Chemist: 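Handing you this structure, nothing more for now.
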Amino acid sequence: MILAWAAQAPVVLVVALVVFVPGVVALATVGLRGLALLAAAPLFSVAATSILALVYGAVGIPWSVSGWVWGMLILVIAAGAVGWVLRGKYREPRSGPSWAVPTALTTGVVIGIWRLVDYIADPDAISQTNDAVFHMNAVRFILENTDASSLHVSGMIGGNGFYPAAWHAIVSLIVLLTGTSIPIAANALTIVIGTMVWSIGIAWLTRVLTSSDVVAGIAAILSGALQTFPLLMFQWGVLFPNALSIALLPSAVALVISLRPWQDLALRWRPIARSVVFLCVALAALVFSQPAALLPWAALLVLWATAQLLTTSALSRFWRWGLVSAAWAALAVMWVALSRVTSGSHWPPFRGKLEALLDVILNGQLRIPIAVGVSVFMVVGLVVAWRAVRMRWFVFAWLLVSGLYVLVAAVGAPLIRVNVLGAWYADPYRIAALAPLVVIPLAALGLHALVGLIAGFVRRRAGGSETERPVAIAALLSAVVFMVVLVLVRPVAMPSFIEATFDEESRYVADADSFLSPDERALLESLDEYVEPGARVLSNPSTGAGFGYLFSGVDVFPRTWSTPRSEAWAVLAASLRDASTDPAVCEALAAFSDPEYVLDFGIGDVTPGRYESEGMTDFAGRPGFEKVAEVGDASLWRITACAR
């Protein structure tokens, strides 16, 4: 496994360059430096890549490496022009040794890679999950149609309208740049999102919150301490767009709340203009990644703005409370509107209210084994933050994110599940993944405070002098030891919250009993050898056959995990193998463009989102079907019963 991943290190490096370099260059011209520059860079890169894809799709320019490079160059030059006009100096308040953050970030990224690589195992593996079928096929669709626009990617399944395709655009770009396979490109992006983007972002948010390099360094080391993020988003679903958007959230929040330290030499309009520019960059990055992330982003910003307004003396009480009321009203309207444009609530509550409350206090969401150490650090951090007026708003941020989980886990009222939780489909996995956004900075604050207390006690007993360096070293080393022990001993099996069970192994592991077995994958990878160009192959996507388009480029239908909701499909699912004797089957096949082939990967299953289709298996000996190819128990059949 280690050698296999080492061989793919160049691909991971290319991903990191694509995600960070355009943003670093562009935002450096605007005035950002250091950790702030590195953390905010993915926001620009993701937003710019998505906007380029949208524009190219609208005017008919093919999606290509050269197109991306030239388009990005134009946007970087435009950023430089904005930076020249806005001229300002970013002076972020900070304290602590300068080596703390770089050292801690390196450590945090290495630990994060360790955990993700251990879970994914093979760099060519694919997630054995429903949503992976759509996401992987969508990348293939982009590459074949040279169009990565968020307005066009849903055309893969006959849809139209907006679908957030930032993740898909970046994966397709990595394939074009490196020539690697789609699964390897996707897994390389997973590594960069789950370790670099997330760790650097959470470190910056923590430093903006605390003004401490040491606490920011601790946050970087602890960034992977909770299973709920980043790991859970690569287990459940698999939710690649959600993972990208959540990884961007810390930087998106910090980018806005760090506007105050800017020092403008003249012209009072510059801070306003800069605020608008940064807001637009963060907004675009989140919209094209996964719009649901806009809600926690906006909510945290409104909380922060409320704290600023209520403690300022620059405005009268009337204006302070008026602006606060307007901000919360706008947030409420935005929240309900975004929640109601989705397909609504898909998941039921599964915990009592007290159980859900204990989940967030002990960081045991979704019945994940409680995170005792992180929870102790978090509680201490809550106390420290409450005592510091400047950080008190973050306590309310924790309450807000925790409250969302309590609602999704324990409240069944349709009014709540549709209007409040609908943006996440009332999915507890997606909402639980938000917890580390507030828990990790608080845990870092708490660990630093505990080490400081212990060091102070030892110093007083020994009669030594007060110095900051030993405390910083001790706090960072404590975080490293904590994480190494955590990774070595803590299980990370994916929980099923309804059945209260856990996966026995990683969902990336393929075996004879998995969603897509090695034999089935081998047959899908060779489909284009047996199927003539333009021919359609029918399949039951609940067997993993939906990955056929990804691996071969053959029109394997459906191209997503879900089956068509039609009477014609119901006929095929129940009776396709009876095509020679049941005229309704040939009529049903005509509704799907008369597919000439069908894959037999078994009957399917009845886990959430999947179906058993007894009519789409066991074709051996049935008149009207000819075997074309077979690998193990997986087979491809020609449909001759309805030949026209």
Side-chain angles (χ1 to χ4, degrees), residues 94-96 100-101 104 107-108 111 199 202-229 250 253 300 303-304 307 357-365 368-403 405-406 434-461 466 468-486 490:
R94 47 177 292 198
S95 63
V101 170
T107 306
I111 293 174
S199 299
I202 207 73
W204 186 34
L205 175 60
T206 304
R207 191 169 76 180
V208 171
L209 177 68
T210 65
S211 300
S212 169
D213 276 18
V214 176
V215 179
I218 296 171
I221 296 169
L222 296 180
S223 58
L226 294 176
Q227 185 177 345
T228 43
F229 194 82
V253 173
L300 265 60
L303 275 171
W304 171 79
L357 182 61
L358 289 174
D359 283 348
V360 297
I361 294 174
L362 300 175
N363 288 290
Q365 294 92 336
I368 290 173
I370 61 175
V372 178
V374 174
S375 300
V376 170
F377 301 151
M378 179 194 76
V379 171
V380 176
L382 285 168
V383 174
V384 175
W386 183 260
R387 295 181 64 184
V389 175
R390 186 173 62 87
M391 293 189 286
R392 189 170 294 171
W393 72 273
F394 208 71
V395 176
F396 292 95
W398 177 81
L399 288 172
L400 185 145
V401 173
S402 299
Y405 174 80
V406 172
L434 298 172
L437 174 66
V438 290
V439 171
I440 296 301
L442 289 169
L445 189 62
L447 176 56
H448 182 258
L450 287 173
V451 171
L453 285 174
I454 295 171
F457 174 78
V458 172
R459 185 178 62 250
R460 288 191 297 271
R461 292 292 299 269
E466 183 175 346
E468 182 182 1
R469 184 181 178 87
V471 175
I473 295 174
L476 293 169
L477 284 177
S478 297
V480 172
V481 171
F482 176 82
M483 283 301 299
V484 170
V485 172
L486 189 73
R490 184 176 176 81

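Along the sequence shown, residues are numbered consecutively beginning with 1. Predicted model, so just to flag it, every value in this text is computed and none were measured.
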Chemist: Return all side-chain donor-acceptor pairs below 3.5 angstrom for residues 371-379, not counting sequence neighbours, or 'none' if the list is empty.
Modeler:
unit_1, atom_1, unit_2, atom_2, d
S375, OG, I361, O, 3.4
S375, OG, L362, O, 2.9
S375, OG, N363, ND2, 3.1
S375, OG, A371, O, 2.6

Chemist: Please indicate whether R390 has more than 12 foreign heavy atoms, meaning atoms of other residues, nucleotides or ligands, lying under 6.0 Å from its CZ.
Modeler: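 Yes, enclosed.
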
Chemist: If you look at every heavy atom in R490 and I368, which pair is closest and at what distance?
Modeler: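 That would be NH2-CG2, 3.5 Å.
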
Chemist: Taking the side chain as C-beta and beyond, is there a heavy-atom pair between P441 and F394 under 4.5 Å?
Modeler: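 Of all side-chain heavy-atom pairs linking F394 with P441, at least one is under 4.5 Å.
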
Chemist: Would you give the length of the straight line joining atom CD of Q365 to atom CD1 of I370, rounded to the nearest 0.5 angstrom?
Modeler: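 Spacing of CD (Q365) from CD1 (I370) equals 11.5 Å.
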
Chemist: So, do L222 and F482 sit near enough that their side-chain heavy atoms are less than 4.5 Å apart?
Modeler: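 Yes. Closest side-chain heavy atoms under 4.5 Å.
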
Chemist: At what distance, to the nearest 0.5 angstrom, does OH of Y405 lie from CG of D359?
Modeler: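 The distance works out to 3.5 Å.
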
Chemist: With sequence neighbours left out, write down each residue that passes side-chain contact (heavy atoms from CB on, under 4.5 Å) with A104, or none if nothing qualifies.
Modeler: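 By the side-chain contact (heavy atoms from CB on, under 4.5 Å) rule, A104 matches A220, I221, L476.
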
Chemist: List the residues meeting side-chain contact (heavy atoms from CB on, under 4.5 Å) with R392, not counting sequence neighbours, and say none if there are none.
Modeler: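 For R392 the side-chain contact (heavy atoms from CB on, under 4.5 Å) partners, ignoring immediate neighbours, are W386, V389, F396.
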
Chemist: By side-chain contact (heavy atoms from CB on, under 4.5 Å), which residues pair with L400, not counting sequence neighbours?
Modeler: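 L400 satisfies side-chain contact (heavy atoms from CB on, under 4.5 Å) with A299, L303, L404 once adjacent residues are dropped.
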
Chemist: Quick one: are L437 and L205 in side-chain contact, heavy atoms under 4.5 Å?
Modeler: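 Of all side-chain heavy-atom pairs linking L205 with L437, at least one is under 4.5 Å.
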
Chemist: For M483 versus A225, what's the shortest heavy-atom pair and its separation?
Modeler: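 It is SD-CB, 3.6 Å.
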
Chemist: On a heavy-atom basis, which atom in A475 and which in V451 lie closest, and how many Å separate them?
Modeler: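 That would be N-CG1, 3.7 Å.
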
Chemist: Any heavy-atom pair between the side chains of W393 and L209 that's under 4.5 Å?
Modeler: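 In contact.
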
Chemist: What pair of heavy atoms forms the shortest contact from V439 to L226, and how long is it?
Modeler: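 What the structure gives for the nearest pair is CG1-CD1, 3.6 Å.
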
Chemist: For residues 212-219, tabulate all N or O donor-acceptor pairs below 3.5 Å that involve a side-chain atom, not counting sequence neighbours.
Modeler:
unit_1, atom_1, unit_2, atom_2, d
S212, OG, V214, N, 3.3
S212, OG, V215, N, 3.1
D213, OD1, R207, NH1, 3.2
D213, OD2, R94, NE, 3.4
D213, OD2, R94, NH2, 2.5

Chemist: Tell me, please, which residues at least two apart from S199 pass side chain to side chain donor-acceptor pair (under 3.5 Å).
Modeler: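 By the side chain to side chain donor-acceptor pair (under 3.5 Å) rule, S199 matches S223.
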
Chemist: Could you measure the distance from the CG atom of L442 to the CG atom of L382? Nearest 0.5 Å is fine.
Modeler: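 With rounding to 0.5 Å, CG (L442) is 5.0 Å from CG (L382).
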
